[in-house]
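Let me begin by presenting the structure, written as structure tokens, before commenting on it.
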Amino acid sequence: MTLRRLALAASLALLCTGPLPLQAEEEETDEAAEEQAEPAQSIYVEMQPPFVTNIGQSSGRLSYVKAEVTLRVASAEAETAVNNHKPRLRHEMVMMLGNQNREELSTPRGQEALRAKALEQFNQVLEDEQTGAEIKDVLFTSFVVQR
């Protein structure tokens, strides 16, 4: 009987110690997956002061647009890059707004097209400046077109 108990104890010891490394690996894999699955925290950078510029052709009655713009980035490094290059980003936005017409900017579709173009252009500026940063989104927090 003693030999039988010893064999049983050895079997139980192997069963108890065998899965532990596998379980630890699974926990590490689960933790790594959770870290990757967590979305990056957003940082919002306001482009102050608001953009106010004339739009459309200079012949006839002028129209104006006032847009409050906030940029969404995912890291402090990107926030720093945006702040360092804010004058050029503002220039690009003013030039884009000036090339629009009142009819386009008065529609949600036109505003969305401008937003997408601004995002592309802003990221191009950051790439040209070799910042390694990226703007995740351009948000219009206020948008008014005066006829």
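If you read the sequence from its start, that first residue is 1, and numbering goes on from there.
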Donor-acceptor under 3.5 Å (Gln111 side chain, Leu105 main chain): yes
How far apart are the closest heavy atoms of [X] and [Y], and which atoms are they?
{"X": "Ala133", "Y": "Ala81", "result": "CB-CB, 3.7 Å"}
{"X": "Pro87", "Y": "Asn84", "result": "CD-O, 4.2 Å"}
{"X": "Ala78", "Y": "Val73", "result": "CB-CB, 3.7 Å"}
{"X": "Arg90", "Y": "Pro50", "result": "NH2-O, 3.9 Å"}

Hydrophobic cluster partners of Tyr44 (side-chain heavy atoms under 4.5 Å): Leu139
Are the side chains of [Y] and [X] in contact, using a 4.5 Å heavy-atom criterion?
{"X": "Asp128", "Y": "Arg88", "value": "yes"}
{"X": "Ser75", "Y": "Lys136", "value": "no"}
{"X": "Phe51", "Y": "Val65", "value": "no"}

What pairs with [X] under salt bridge (charged side-chain N to carboxylate O under 4.0 Å, His left out), at least two apart in sequence or on another chain?
{"X": "Glu127", "answer": "none"}
{"X": "Arg115", "answer": "Glu112, Asp137"}
{"X": "Glu104", "answer": "none"}
{"X": "Glu120", "answer": "none"}

Distance (rounded to the nearest 0.5 Å) between [X] [atom1] and [Y] [atom2]:
{"X": "Arg72", "Y": "Glu79", "atom1": "CZ", "atom2": "CD", "value": "13.5 Å"}
{"X": "Asn99", "Y": "Lys117", "atom1": "CG", "atom2": "NZ", "value": "6.5 Å"}
{"X": "Leu114", "Y": "Arg109", "atom1": "CG", "atom2": "CZ", "value": "15.0 Å"}
{"X": "Met47", "Y": "Leu89", "atom1": "CE", "atom2": "CG", "value": "5.0 Å"}
{"X": "Glu77", "Y": "Ile43", "atom1": "CD", "atom2": "CD1", "value": "8.0 Å"}
{"X": "Glu68", "Y": "Glu46", "atom1": "CD", "atom2": "CD", "value": "8.0 Å"}

Stepwise side-chain contact (heavy atoms from CB on, under 4.5 Å) check, Val138 with Leu71: CA-CA 5 Å; Val138 174; Leu71 306 179; 3.8 Å; yes
Val45 and Lys86: CA distance, side-chain angles, deciding distance, side-chain contact (heavy atoms from CB on, under 4.5 Å) verdict: CA-CA 10 Å; Val45 182; Lys86 207 177 261 189; 4.0 Å; yes
Residue Gln48 excluded, over 12 heavy atoms near CD under 6.0 Å: yes
Test side-chain contact (heavy atoms from CB on, under 4.5 Å) applied to Glu134 and Leu126, step by step: CA-CA 7 Å; Glu134 180 184 15; Leu126 295 181; 5.9 Å; no
Hydrophobic cluster identity match, Val94 and Leu119, side-chain contacts under 4.5 Å: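 Yes, it is one cluster - the side chains of Val94 and Leu119 are joined through contacts under 4.5 Å.
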Any pair counted as ring-ring contact (aromatic ring centres under 6.0 Å, His included), so long as it reaches residues 114-147, sequence neighbours left out: Phe140-Phe143
